[in-house]
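What follows is a set of notes on a single structure, which appears directly below.
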Amino acid sequence: MRQMHKGMPRQDKLAQNSERLEEGGGMMHSALVPKLVRVKDFKRETSDLFTLTLDWQTEHQPGQFVQVGFPGIGESPISIASYSDEHVKLSIRQVGTVTNYLATKRKGDLVSVRGPYGRGYPMQYFKGDSLIFIGGGCGVAPLRGAIEFAERHRDWYNELHMFFGFRSPNDIIFQEALKRWEKAHNLNVSVDKVPSNTCYDGNVGFITELVRESQLDNEKKVVMICGPPIMMEKIIEILKEKGFNDDQIFVSAERLMYCGVGKCGHCMIHGKYTCRDGPVFRWDEIRGQMNDS
Ligand SMILES: Cc1cc2nc3c(=O)[nH]c(=O)nc-3n(C[C@H](O)[C@H](O)[C@H](O)COP(=O)(O)OP(=O)(O)OC[C@H]3O[C@@H](n4cnc5c(N)ncnc54)[C@H](O)[C@@H]3O)c2cc1C
Ligand code: FES
């Protein structure tokens, strides 16, 4: 389902394929049938990561994902990186066929989407708590949707704390949003290393160390984590040392996916479908199984 056709197909074939889909979905729309939506904006965040803003109004929970691509190219699961009535933002790292193709899309171009799918962050359940967002690299993208939700429902939550780690200053995404969050909330950003000839006066070192050094306690707090599995495991170890319980920790898991709706079995983590039961799990639901398949 995901990789309908490898390699870059001819433009006339692509045009034929896209004609078979109606823009906006029309009568064909169902949970599994993609529809075409227009790109409102393309923004390059870093050398290998970009954000597409889609002219698509759809109800969703922060942390849910969509299957995005183009007929004849394939599709990829990508987390929604916004919370808006007007658009859907997707922040995408270029790693292969689909993501490199999507990087060529500009304002007015069409992409295919289906979803939103999966279980996101249970934001209602966090009412009255302080929220801690911990992200690494493009793992910050799904957290941005949850942050925008919390800002929209500001009176539901107490403090917002953020800990975001990037490989280098050149890999820092969402620069404008980070400036806003720095003023409004408790923002901590760190980079693993600074290449020579790079001007940067922020924190250097793994984000795990900033979390370890912080004065966070577990009193009426929940933590949302998204990033590379090794980072998530280290962060959870530190949170446990600080007294956090498993049911205060929510992680976003990644698995290879095809159908996205619990039919093909590709995304199983020990009896759970990442696409349908996740991608967001409470830590006690998948503890010890995040690296298993
Ligand atoms: C629920 C979910 C949410 C995601 N959200 C985002 C997001 O917000 N932004 C983003 O940039 N990426 C996200 N991803 C990862 C993204 O789906 C893959 O990078 C993408 O499908 C790669 O497609 P491709 O055709 O460009 O690369 P391919 O040519 O298919 O693969 C390139 C390389 O990436 C590896 N790869 C492909 N998919 C995955 C995966 N799911 N996990 C680990 N390695 C993979 C392949 O094994 C291969 O080595 C998410 C994945 C899941 C499951
Ligand atoms: S991707 Fe098919 S069951 Fe999850």
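Being a predicted model, the structure only gives us computed values, none of them experimental. Read the numbers this way: they start at 1 and go in the same order the structure lists the ligands and their atoms. Computed over heavy atoms, backbone and side chain alike; hydrogens, waters and symmetry mates excluded.
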Check whether [Y] forms a cation-pi arrangement with [X] (NZ or CZ under 6.0 Å from the six-membered ring centre, at most 45° off the ring normal).
{"X": "R106", "Y": "F42", "result": "yes"}
{"X": "R152", "Y": "Y83", "result": "no"}
{"X": "K263", "Y": "Y258", "result": "no"}

Taking side chain as C-beta onward, heavy atoms only, is R119 less than 4.5 Å from F281?
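Yes; the side chains approach each other to less than 4.5 Å.
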Show which atoms of ligand 2 fall inside a sub-4.0 Å distance from at least one heavy-atom site of [X].
{"X": "Y258", "result": "1 (S)"}
{"X": "G260", "result": "1 (S), 2 (Fe)"}
{"X": "G262", "result": "3 (S)"}
{"X": "G265", "result": "2 (Fe), 3 (S)"}
{"X": "K263", "result": "3 (S)"}

Using distance alone, with no hydrogens and no angle criterion, decide if K89 and T53 have a side-chain donor and acceptor under 3.5 Å apart.
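On atom types as modelled, these side chains qualify, holding a pair under 3.5 Å.
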We want to know whether D48 and Q94 form a side-chain donor-acceptor pair, criterion being a heavy-atom distance below 3.5 angstrom.
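Absent: no donor and acceptor within the cut-off.
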For the atoms SG of C275 and SG of C267, give the angle they form at atom 4 (Fe) of ligand 2, rounded to 10 degrees.
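The SG/SG angle about atom 4 (Fe) of ligand 2 sits at 100°.
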Check each heavy atom of M268 against ligand 2 and say whether those closer than 4.0 Å belong to the side chain, the backbone, both or neither.
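Near ligand 2, M268 shows nothing, with every heavy atom at 4.0 Å or more.
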Ligand 2 versus Y273: contacting region, heavy-atom distance under 4.0 Å:
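Only the side chain of Y273 comes within reach of ligand 2.
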Atoms of ligand 1 close to [X] [distance to a heavy atom under 4.0 angstrom, numbered from 1]:
{"X": "S79", "result": "3 (C), 4 (C), 5 (N), 6 (C), 7 (C), 8 (O)"}
{"X": "M257", "result": "1 (C), 53 (C)"}
{"X": "I92", "result": "11 (O)"}

Between SG of C259 and SG of C264, what angle is found at atom 2 (Fe) of ligand 2, rounded to 10 degrees?
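Vertex atom 2 (Fe) of ligand 2, arms to SG of C264 and SG of C259: 110°.
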Between the candidates P142, P77, C138, which shows the shortest non-hydrogen contact distance to atom 14 (N) of ligand 1?
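The nearest heavy atom belongs to P77.
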Considering only heavy atoms, which of A141, S91, S76, G74 lies nearest to atom 7 (C) of ligand 1?
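Heavy atom nearest to atom 7 (C) of ligand 1 belongs to S91.
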Calculate, to the nearest 0.5 Å, the distance between atoms CG and NZ belonging to L90 and K105 respectively.
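Going from the CG atom of L90 to the NZ atom of K105 covers 13.5 Å.
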Proximity of F149 and W156 rings by center, below 6.0 Å
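Yes: the rings meet the under 6.0 Å criterion.
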Considering distance alone, does some N or O of N100 sit under 3.5 Å from an N or O of ligand 1?
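No.
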N218 side chain vs G243 backbone, donor-acceptor pair below 3.5 Å
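Present.
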